[in-house]
K.L.:
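Please read through the structure below; I'll follow up with questions.
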Amino acid sequence: ISPRGVKMITRTVSNNPRTTRVDLVNDLQRAGTKVTKATISNTLRRQGLKSCSARRVPLLKPVHVQARLKFAREHLDDPEEDWENVIWSDETKMELFARALKMKRGWVFQRDNDPKHTARATKEWLRKKHFKVLEWPSQSPDLNPIENLWRELKVRVAQRQPQNITALEEICMEEWAKIPATDSKVRSSSLLHVTE
């Protein structure tokens, strides 16, 4: 890349940090210089700029934003003890451990608003079993502390590199048992800070 091209892409990225490497390749191509994305990355790195990927966040429509705000306002003053009685739910691709769930008196079941959780049959089953369900705003996985536990479990399992489904199941069970119970308490208490 010519010095003029380097200045051009450096200025572009400085003015708009969300510019992609493909955008820069196209800009240089229009200016008559053909380069690859790797060349763009190396050039920007030499200029002291680093690339990064945008963090994936839930797609929030205005109705989701309003639901999240309503949820936060309703639970802003809830004592920490109330959150200790919530059974956090979610699904992950490692659903190999299915144990009978015994709900203690006073516990609340949390579920996201995925259509399979809000289906009439699911709602009816929860009602018949007398589950108290925590109303949860749609598109809010970042509020659910179980997401952090799934991530930790996946990292632990990946480090052990299971070679087949049987090994995967055994490793999942072993690693789940190693995660300290205090981790889940710390993570559920972090929800209090999110709602503040």
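Keep in mind that the numbers below use all heavy atoms, side chains included, and drop hydrogens, waters and symmetry copies.
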K.L.:
For Asp78 versus Glu74, what's the shortest heavy-atom pair and its separation?
P.N.:
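Minimum heavy-atom separation between Asp78 and Glu74: OD1-O, 3.8 Å.
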K.L.:
With sequence neighbours excluded, what pairs up with Arg11 under the salt bridge (Lys or Arg N to Asp or Glu O under 4.0 Å) test?
P.N.:
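Testing Arg11 for salt bridge (Lys or Arg N to Asp or Glu O under 4.0 Å), a comparison that skips the adjacent residues, returns none.
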K.L.:
Please determine whether salt bridge (charged side-chain N to carboxylate O under 4.0 Å, His left out) holds for the pair Glu124 and Arg120, giving the CA-CA distance in whole Å, both sets of side-chain angles, and the decisive distance to 0.1 Å.
P.N.:
CA-CA 6 Å; Glu124 184 62 21; Arg120 190 177 314 135; over 6 Å; no
K.L.:
Between atom CD of Gln47 and atom NZ of Lys7, what is the distance when rounded to the nearest 0.5 Å?
P.N.:
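Those atoms lie 10.5 Å apart.
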K.L.:
Could you report the tightest heavy-atom contact between Ala38 and Arg21, atom names first, then the distance?
P.N.:
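Minimum heavy-atom separation between Ala38 and Arg21: N-NH1, 4.5 Å.
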K.L.:
Look up atom CG in Leu28 and atom CG in Asp23, then write down how far apart they are to the nearest 0.5 Å.
P.N.:
11.0 Å
K.L.:
Quick one: are Arg156 and Trp176 in side-chain contact, heavy atoms under 4.5 Å?
P.N.:
no
K.L.:
Side chains of Val65 and Arg68: does their closest heavy-atom pair fall under 4.5 Å?
P.N.:
no
K.L.:
Not counting sequence neighbours, which residues clear side chain to side chain contact (heavy atoms under 4.5 Å, CB included) with Asn164? List them please.
P.N.:
Thr166, Ala167
K.L.:
Can you list the residues that meet the side chain to side chain contact (heavy atoms under 4.5 Å, CB included) rule with Val22, with sequence neighbours excluded?
P.N.:
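Expected list: Thr20, Asn26, Lys37.
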K.L.:
With a 3.5 Å distance limit and no angle check, can you tell me whether His75 reaches the backbone of Ala72 through a side-chain donor-acceptor pair?
P.N.:
no
K.L.:
Applying side chain to side chain contact (heavy atoms under 4.5 Å, CB included), can you list everything that pairs with Arg160, at least two apart in sequence or on another chain?
P.N.:
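Side chain to side chain contact (heavy atoms under 4.5 Å, CB included) check on Arg160 returns Ile171, Glu174, Glu175, Lys178.
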K.L.:
Just by distance, do the side chain of Gln163 and the backbone of Gln161 share a donor-acceptor pair under 3.5 Å?
P.N.:
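Checking the backbone N and O of Gln161 against the side chain of Gln163, a donor-acceptor pair under 3.5 Å is found.
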K.L.:
Transitively linked via ILVMFWY side-chain contacts under 4.5 Å: Met173 with Val155?
P.N.:
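Different clusters.
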K.L.:
Is Thr36 close to Val25 at the side-chain level, that is, under 4.5 Å between some pair of heavy atoms?
P.N.:
no
K.L.:
With a 4.5 Å heavy-atom cut-off, do Leu153 and Trp150 have their side chains touching?
P.N.:
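Touching, per the 4.5 Å side-chain cut-off.
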K.L.:
Going by heavy atoms in the side chains, are Leu24 and Val35 under 4.5 Å from each other?
P.N.:
no
K.L.:
May I ask whether Met8 and Leu49 are part of the same hydrophobic cluster, defined by side-chain heavy atoms of I, L, V, M, F, W, Y residues being less than 4.5 angstrom apart, directly or through others?
P.N.:
yes
K.L.:
Does Arg46 have any salt bridge (Lys or Arg N to Asp or Glu O under 4.0 Å) partners at least two apart in sequence or in another chain, and if so, which?
P.N.:
none
K.L.:
Side chains of Asp27 and Arg30: does their closest heavy-atom pair fall under 4.5 Å?
P.N.:
yes
K.L.:
Sequence neighbours left out, what passes side chain to side chain contact (heavy atoms under 4.5 Å, CB included) with Asn16? Give chain and number order.
P.N.:
Arg18, Thr19
K.L.:
Quick one: does Val6's side chain get under 4.5 Å of Ser2's, heavy atoms only?
P.N.:
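The answer is no; the side chains never approach within 4.5 Å.
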K.L.:
Determine whether a donor-acceptor pair (N or O, by modelled atom type, separation under 3.5 Å) exists between the side chain of Ser14 and the backbone of Thr10.
P.N.:
yes
